[in-house]
Amino acid sequence: MSRYITRLRMRRTYKWNGRPVGEDRKLKRQYYESMSISVEGKTEDATVSLGQYILIEGDDDDNPFVAQLLKLYTDDSGKKKTAVLQWFVRMCEVPQNKRKLLGRDPHPQEIFFYQDRSCDNEVDGETILGAVQIEYVPVQDPFPVGKSRDILFVKLLWDTKSFRALDPELMQPPQSPKSPPPSSRGPQTRALPTPDPSVMKRAMSGILTRGSMSTGKMSSSEAESLHSASKLSAAKALSAKRRSQAVSGPQVRKKLDLCSPSKNMSRDDVLGELLDERSEKTLTSKLNTSPTGRISISIRLTPLNLNKEECVSPLSSHSPDKPRMTAHDKDDAARAEEEHEDSPINTAATSRSKRKSAQLVSSRIKKQLNLLGNKIDLQSDGEDGDDDDCFIPSKIDLQSSSDEEEEAKIDSEDELIVKKHRGSGTSRSTEKTRVSARTPRKTPSKKTAPATPRTPRHATPSIPSRTAPARKPGNVLEEARARLHVSSVPESLPCREQEFQDIYNFVESKVIDGTGGCMYISGVPGTGKTATVHEVIRSLQQSAEQDEIPHFRFIEINGMKMTDPHQAYVQILQKLTDQKATPDHAAALLEKRFSAPAPKKETVVLLVDELDLLWTRKQNVMYNLFDWPTRRNARLVVLTIANTMDLPERIMINRVASRLGLTRMSFQPYTFKQLQQIITSRLNRVKAFEEDALQLVSRKVAALSGDARRCLDICRRATEICEHSGSQKNSSGLVGMSHVMEALDEMFSSSYISAIRCASVQEQLFLRAVIAEFRRLGLEEATFQQVFVQHQALCRVEGLQPANVSEGLTVCQRLGSCRLLLLEGSRLDLFLRIRLNVSQDDVLYALKAD
Amino acid sequence: MANCLRLKINLCIVRFRGPQSATCCQRSCGHRKYAGQWREITGPAPVKMSKRRSAALTGAQGISLAQKLLRERLCHQKLPDQPVGLDSQYKHLLELLRRTAVHGESNSVLIVGPRGSGKTMLLGCVLRELMSLKEAQKNVLLVELNGLLQTDDKIALKEITRQLHLENVVGDKVFGSFAENLAFLLEALKKGDKSSSRPVLFVLDEFDLFAHHKNQTLLYNLLDVSQSAQTPVAVLGLTCRLDVLELLEKRVKSRFSHRQIHLFSSLSFAQYLDVVRAQLSLPPDFPDPKFSDEWNHSVTKLCEDKTVEEILRRNFNGSKDFRSLHSLLFLAVSRVSVSHSTLREADLIEAWRLISVDSKANVLHGLSILELCLIIAMKHLNDTYDGEPFNFQMVHNEFKKFIQRKSHSIHKFEKPVVMKAFEHLLQLELVRPVDSGVCKVQREYQLMRLMLEHGQVMEALQKYPQCPTDVKQWALSAFG
């Protein structure tokens, strides 16, 4: 290391290489992939990129700090460069009194993976000295000899209390193609057989502080790696996967793909030994663990610090965190899966039929084992700890992405045996899969627990899965249509930056302070209220996962999705604690929960959509919702959404409105520019529309309602029209003005006129008679008898045989049924009163043009 | 599906004719002549009779077979091979549903058209074609609701749950409360995703009635699912109301895709005639080619006939939908028997007479002379006082004047007898009390209105068998 001593005195300049690879809107950071360091007097620049091991300037010039580079970013000013690191320690940095814990003499070039959350892992980017090479050495292997003195070896992990075997996974650099693949793995051993009491203790305390949110968090850390993986282009992801597959066998791939919950890994060491011997019984029990049945807090003995390490584990480190939808992730995962199927490297490639049968088998097994109770879940949960050393059959692997739906089928015994035979990994993989398929941020579904107490069995709500997979969009127009569908959630919501920021700041401050508050959000339908709140929550949850802010629970209720306002209590309670109760009881329980002091309680963020439907005569539901946040110990943030701006003034009595407070926000309808931007961002470089066409749609919608949904629907319809007309006269293949015009016409033009034009002769005459009678009376209302007289006269004028009363009434009723006329009940017979539902001018226009 | 379709037809018939026929039945209570006619109009009875008769005779199989075939066609029991004049709508809807079934794209659409314009038929044809696609066949779940049956969200939810065979269904029973059912269904739909779960087609017949449910919860939730990344659904609404979108609440409306397929028939009379011919013709695969040739020939000839054309044109002018045409043709076809094995114009004329007859004119034919006189008196009162309501006393005075001055054939009736006749008219609802005001008035002085048109009275008088001339003259005279 001596060469660095001189360099230290030199002036170094730091420059970003290339363009930012990502951006965090909320933190205003820009992420980079690499940085070049040029040293005065040297022509060659040193480059450090993500995943590389680097040296950091420290007190001791001889031994600069060693670390792995995880992230590089700059703040909005662009001046300050910050690096996020995974530290390594040298033996000399370990406190004197702990050094003997190693039990042997340290190798001079040995360093240790440092696992300590208390240590700040962000440093100034300008303290980086340069790159260094680190080699991972399996625990029982001897240190290689004869290598360069510059290479450092890492064998063990130091968590400030003890040395432990280092999982080579932690050492894997995140998708950096340059970094050498870790040397092939030796057989896995458990370095520290006995659970360290201190670790256990810490784990307990961790649970106390975390509370129930930990489930979601833990399972999410691995899922995060999926996030990052999905960010990559498909090819890159594939290559990364192939590499890891080639290197370390299928279960590594498994991890990459299926994002097994990290707690499995972290609990590994603690519980590993306990689980060395597994009986068949526990094995089978594990098969059935439904994802929801598993969430009992008491059994989570995970040292959370370990999790934390994984949160910034190499895989996840590389990409900036952007909120993403689960659906996307699932899709990506599924796509990745499919790629695997095709990949020649995948030795265990299975045919589709096999895959199907696997699906069937697993679902049957699940079904059967559902009969076993929750107590087995305890064991099985513990078993999750064992993780690394089992082969995962690719059959199950492949089934995973489509395995969310359980089918009610009868189990066949032999298949079960096959399953058992495969070993524990099989079963766990099934389970992991299901966990991963779920949205990581979501609290495990509450419904799976007996949804209806009166139901004879434990019903799981699900729609049967399809037999043939859905087809992917084939051409540009189909692709555009898929992107334009309202359901496809874009990466970010354009045009709502300010609102996003405001809501974000509001919630974040409340979460950090541990206080409560209410916010009222209004806006006409289709202006992105709910979507923006969801995005805020997503990014908050992401920062919570990274421990930037305290953890919180997110609960959503929707006034439209309940049958009665008082059901709000039931739903909140169920989502909060998974309990079922009657509305009154639920209200009492919630009242207790929000008023009782409990220091370890985490903040609850409650989103109440369609607030106006929670109105009751006494307004007690609203009152409670807004009163709880004001309690001292509630730690409740309530975000309410409704359509009207003055809802608090209009429907709320004073004491309710006052509690809601004045934190209000209103979403303005989108302007045409914003609508255009929304479409463009959704299309995301899929060229399907002419510019003018887009502008026409957005201008039209902005003038009418500013409803983004409408805008997207029109565009979607226009692509269809284009597709149909495209077959006849092949113009540009793009959606042009004419198509958009047609779509607009279809959606906005009133159908009354064409209805009148297509009406039968008698119906048209009757309408004429109505107008004639109105003119005669000077009123906008007439009885059937009066109109009928006119009708008969008109018939004679037209040379038709006059209709009799029955026929006349039939005609009148027919016009009434399609609401061209407004009629009274037909009981009144001759005296039923008739009014026009269309303007007289429209009727005359329609009839004249005929 | 078939069951539901039939149900819909029956319902529609009742509703379509509802206003008159319901009251007709009331009115004709105890009136044999009219009641008999009504039975004849409703159809099935004569058909069965003719069938039985023809079966008894030899060589009548052809007729009974042809009748069976045509009956199926005319009673909407069988979907036509191809919807007439709805090609573009057919394509649009099929494409939409195909995308839901194959690509898992969520959609919502309204099929709007007047009654009898073929909404259900169109949907039926589209679904038939969709289900014949291999990739859609086993991938689609169909849920059919009808606004007339599922009158509130609670019932609708149970029905959806039942039809989807969700797990809280045992046998035919759905467990759990309304709130639980809703939560359960939403959870189930939420769990699905675009690529892996089966698309669900929700067919909401009489869509407008769903809009009257409390808070439009069901519509909101269905349309919300169709606009979010959950189980792919297609929400198909069928309605005859053109203003249906105005019924939707603004947030429900925002979630609806605003796709509307309008079914307005722009049929010309020539096309209409073609349809008639096609509807009556026997298919080429009819087992008895000789009979079918004969039959088809007669049908072609029939359509060229002037009187028949006149009848058809009147029917066409009345309404362009095929339902009224079918009921006309149905009556005509059912008159075919062994004695005349082809469709003749007389059959059609008779059928038209039955179908176009004014309901109240029939009732009038069965009145006694005294009752008829009272009706005429009321008509005169109506003329004199320009439609103002009258009471029994006024009618009685008018009647007395007639007896004294003009009548030769009609003797003086005691007042209670006249009162009785008046009450009979009241029961027939030819006269109806004005409902405003207190009912505590003496019967004689209660205000009434005549529920007959001027023309109806005159027409009934013309056709009344053996009507005394002085009564006729009284009716024709300008003043009582």
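So you know, we letter chains A, B, ... as the sequences are listed, proteins then strands, and number each from 1.
Only the side chain of Leu613(A) comes within contact range of chain B, with heavy atoms under 4.5 Å apart. Contact annotation for Leu712(A): neither backbone nor side-chain heavy atoms come within less than 4.5 Å of a heavy atom of chain B. The parts of Met560(A) that come within reach of chain B are both its backbone and its side chain, each placing non-hydrogen atoms under 4.5 angstrom from that chain. Contacts between Gln227(B) and chain A at a heavy-atom distance below 4.5 Å involve backbone atoms as well as side-chain atoms. Ala708(A) does not touch chain B: none of its heavy atoms, backbone or side chain, sits under 4.5 Å away.
Within a 6.0 Å sphere centred on CZ of Arg313(B), heavy atoms belonging to other residues, nucleotides or ligands number 12 at most. In Lys91(B), the NZ atom is not crowded: 12 or fewer heavy atoms of neighbouring residues, nucleotides or ligands sit closer than 6.0 Å.
Note on Ala755(A), Gly559(A), Ala743(A): by heavy-atom pairs under 4.5 Å with chain B, the leading option is Ala755(A). When Asn643(A), Val789(A), Ile714(A) are compared by the number of non-hydrogen pairs under 4.5 Å with chain B, Asn643(A) comes out ahead. Ranked by heavy-atom pairs shorter than 4.5 Å toward chain B, the options Gln762(A), Glu746(A), Arg709(A) are led by Arg709(A). Options Val811(A), Val761(A), Leu800(A), Asp707(A) differ in how many heavy-atom pairs under 4.5 Å they form with chain B, and the most are formed by Val761(A). The greatest number of non-hydrogen atom pairs below 4.5 Å with chain B, out of Lys561(A), Gln571(A), Gln785(A), Glu478(A), is found for Lys561(A). Among the candidates Pro232(B), Gly455(B), Ser265(B), the residue making the largest number of heavy-atom pairs closer than 4.5 Å to chain A is Ser265(B). Counting heavy-atom pairs closer than 4.5 Å to chain B, the top-ranked of the candidates Met562(A), Gln792(A), Glu763(A), Arg716(A) is Arg716(A).
In this structure, Ser228(B) contributes its side chain and Ser487(A) its backbone to no donor-acceptor pair below 3.5 Å. No donor-acceptor pair under 3.5 Å is formed between the side chain of Asp224(B) and the backbone N or O of Tyr220(B).
Between Asn221(B) and Leu185(B) there is no side-chain heavy-atom pair separated by less than 4.5 Å. Residues Gln764(A) and Glu798(A) fail the side-chain proximity criterion, which asks for heavy atoms closer than 4.5 Å.
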